[in-house]
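Predicted, not measured: the structure shown is a model, and the values here were computed from it. All heavy atoms count here, side chains included; hydrogens, waters and symmetry mates do not.
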Amino acid sequence: FSAPAKFNDPFDCALNVHKSPLDEADFAQIHAHELAGPRADEVRRICGSQGHRSARYQTGMAAVLQTVFADQRDDHLHRRGVACFAESFDNLLMWANYSASHTGFCMEFDATTQPFANASQVIYTDKVPVVDPIPFFDSVNSPPKVYTVAALLTKSTEWAYEREWRLVHDRADDLVKYDPHSLVGLYVGCAATTANLEMIRVFATVRGIHCFRMERSLTRFAVDAAAT
C-alpha cells in the first residue's frame with residue numbers, strides 16, 4: 001500500500017476539494033452541534049446573543065473548516081495507503097506505463113477473495129468534487145466517507161482507460177498478506193526477456209497458476225494472451 005504522495009499524477013489524491021459555501025442553515029446546524037458538545041460554554045461566549053449569526057463565530061468556523069480540509073488532504077497524501085488494480089490485462093497504455101515498456105508482468109487476482117473483494121471502483125470526472133462540509137463536524141476519529149471517495153477514489157477522465165479499482169489502508173507502506181490461492185493468473189509482457197519469461201513460467205507451474213505470454217497482434221494495435 002503506497003502513499004499517494006508517491007503517485008505519478010500530481011492530482012491523484014491531492015484534490016483541493018472545494019467546499020460548498022456555508023449558508024445560514026449550515027451555521028445553525030454546526031452551532032447546534034457544538035452546543036451539545038464540550039465546547040458549548042466557549043461557543044456561547046463567542047456568539048453572545050447573536051447565536052450562530054455572530055460574524056466572529058461564522059468567520060472562525062470558516063477558518064476551522066479550511067484547516068480540517070488541509071489536515072485531511074495531508075493525511076490522505078502521506079499517511080494513508082492505496083493499492084491500485086485494473087480490470088483488464090491487455091491495455092497497451094497500462095503495459096507501457098506500469099510494466100517498464102512491456103518487459104514486466106501482470107498479476108491476476110480473484111476479486112471475490114480478501115482483501116480484493118473490498119476494492120472500490122475509481123470514479124472519473126472532469127470536475128473537482130464538491131464536498132458537504134457539515135459531516136466534518138460530526139467526524140471525531142476518522143474523515144467522513146464522502147471525503148475518502150472524493151480524495152482517494154476520484155480521478156480525471158484522462159485516466160479512464162485504466163478502469164481502476166483501489167484498496168485503501170490506514171497506513172502507507174504496509175504489507176498486507178493475502179491467500180496465495182487468490183493469485184490465479186500471470187501475464188508476461190511481450191518485450192520480457194526469455195530468462196524472465198522462463199522464471200515466471202516455472203513459478204506458475206509449481207503454484208498451479210495459469211501463465212500467459214502477451215504477443216503483439218499482426219493486424220491490430222493490441223496484445224493478445226497466449227498460453228505458455
Side-chain angles (χ1 to χ4, degrees), residues 1-7 9-84 115 117-160 164-174 176:
F1 286 82
S2 301
K6 300 176 182 178
F7 288 175
D9 176 14
F11 291 95
D12 202 340
C13 301
L15 301 178
N16 184 21
V17 181
H18 296 298
K19 65 180 187 299
S20 303
L22 293 176
D23 57 24
E24 197 72 15
D26 292 331
F27 284 118
Q29 184 175 346
I30 296 171
H31 184 259
H33 174 75
E34 292 204 301
L35 288 180
R39 293 186 65 240
D41 291 341
E42 180 185 356
V43 169
R44 290 190 183 95
R45 286 196 299 270
I46 294 173
C47 296
S49 61
Q50 292 182 301
H52 70 272
R53 295 183 177 85
S54 164
R56 179 186 174 192
Y57 178 72
Q58 293 188 2
T59 300
M61 282 299 96
V64 167
L65 191 62
Q66 292 283 7
T67 300
V68 170
F69 271 119
D71 289 345
Q72 294 293 354
R73 178 179 180 274
D74 182 71
D75 176 76
H76 282 73
L77 268 177
H78 298 281
R79 291 186 287 275
R80 292 293 179 105
V82 177
C84 307
N118 295 328
S120 299
Q121 192 170 19
V122 169
I123 300 167
Y124 299 101
T125 178
D126 290 323
K127 295 182 178 180
V128 175
V130 175
V131 175
D132 180 2
I134 300 304
F136 282 88
F137 290 91
D138 294 319
S139 179
V140 178
N141 297 317
S142 62
K145 183 178 180 180
V146 65
Y147 185 86
T148 298
V149 172
L152 298 183
L153 300 176
T154 305
K155 297 178 68 173
S156 164
T157 51
E158 297 286 340
W159 298 95
E164 185 178 353
W165 290 69
R166 289 182 166 181
L167 284 172
V168 179
H169 191 55
D170 289 338
R171 296 181 303 277
D173 300 321
D174 266 6
V176 177

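- Here the closest heavy-atom approach between residue H169 and residue F1 is recorded as CB-CD2, 3.4 Å.
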Original post:
Given the rule in the side chain to side chain contact (heavy atoms under 4.5 Å, CB included) test, do F7 and S2 qualify, once you have shown the distances and angles that lead to the verdict?
Top reply: CA-CA 8 Å; F7 288 175; S2 301; 3.9 Å; yes
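- Between M61 and R56, the closest side-chain pair of non-hydrogen atoms is not below 4.5 Å.
- The distance from the CH2 atom of W165 to the CG atom of L153 is 10.5 Å, given to the nearest 0.5 Å.
- Side-chain contact annotation: H52 with Q29, donor-acceptor N/O pair under 3.5 Å absent.
- To the nearest 0.5 Å, the span separating NE2 on H31 from CG on D26 amounts to 14.0 Å.
- In the displayed structure, E158 atom CD is contacted under 6.0 Å by at most 12 heavy atoms of other residues, nucleotides or ligands.
- Of the possible donor and acceptor atoms, none in the side chain of D12 sits under 3.5 Å from a partner among the backbone N and O of D9.
- The nearest pair of heavy atoms linking C84 to R166 is SG-NE, 3.6 Å.
- In terms of heavy-atom proximity, E34 sits nearest to V43 at OE1-CG2, 3.5 Å.
- Of all heavy-atom pairs spanning P115 and L167, the tightest one is O-CD2, 3.2 Å.
- With sequence neighbours excluded, no residue forms a salt bridge (Lys or Arg N to Asp or Glu O under 4.0 Å) with R45.
- When all heavy atoms of W159 and Y124 are compared, the closest pair comes out as O-CE2, 3.3 Å.
- Here L35 contributes atom CG and D41 contributes atom CG; the two are 9.5 Å apart, rounded to the nearest 0.5 Å.
- Proximity of a side-chain donor or acceptor of S54 to a complementary backbone N or O of Q50 within less than 3.5 Å is not detected.
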**OP:** Apply side chain to side chain contact (heavy atoms under 4.5 Å, CB included) to D174 and R171, showing your working.
**Re:** CA-CA 6 Å; D174 266 6; R171 296 181 303 277; 2.8 Å; yes
**OP:** Evaluate the criterion side chain to side chain contact (heavy atoms under 4.5 Å, CB included) for residue pair R53 and E24; output intermediate values, then yes/no.
**Re:** CA-CA 8 Å; R53 295 183 177 85; E24 197 72 15; 2.9 Å; yes
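- Looking at I123 and K155, their side chains never come closer than 4.5 Å, going by heavy atoms from C-beta outward.
- In this structure, I46 CD1 and R39 CZ are separated by 5.5 Å, a value rounded to the nearest 0.5 Å.
- Taking each heavy atom of P4 and V82 in turn, the nearest pair found is CG-CG2, 3.9 Å.
- Look at D173 and R79 and you find no salt bridge, because none of the NZ, NE, NH1 or NH2 atoms lies under 4.0 Å from a carboxylate O.
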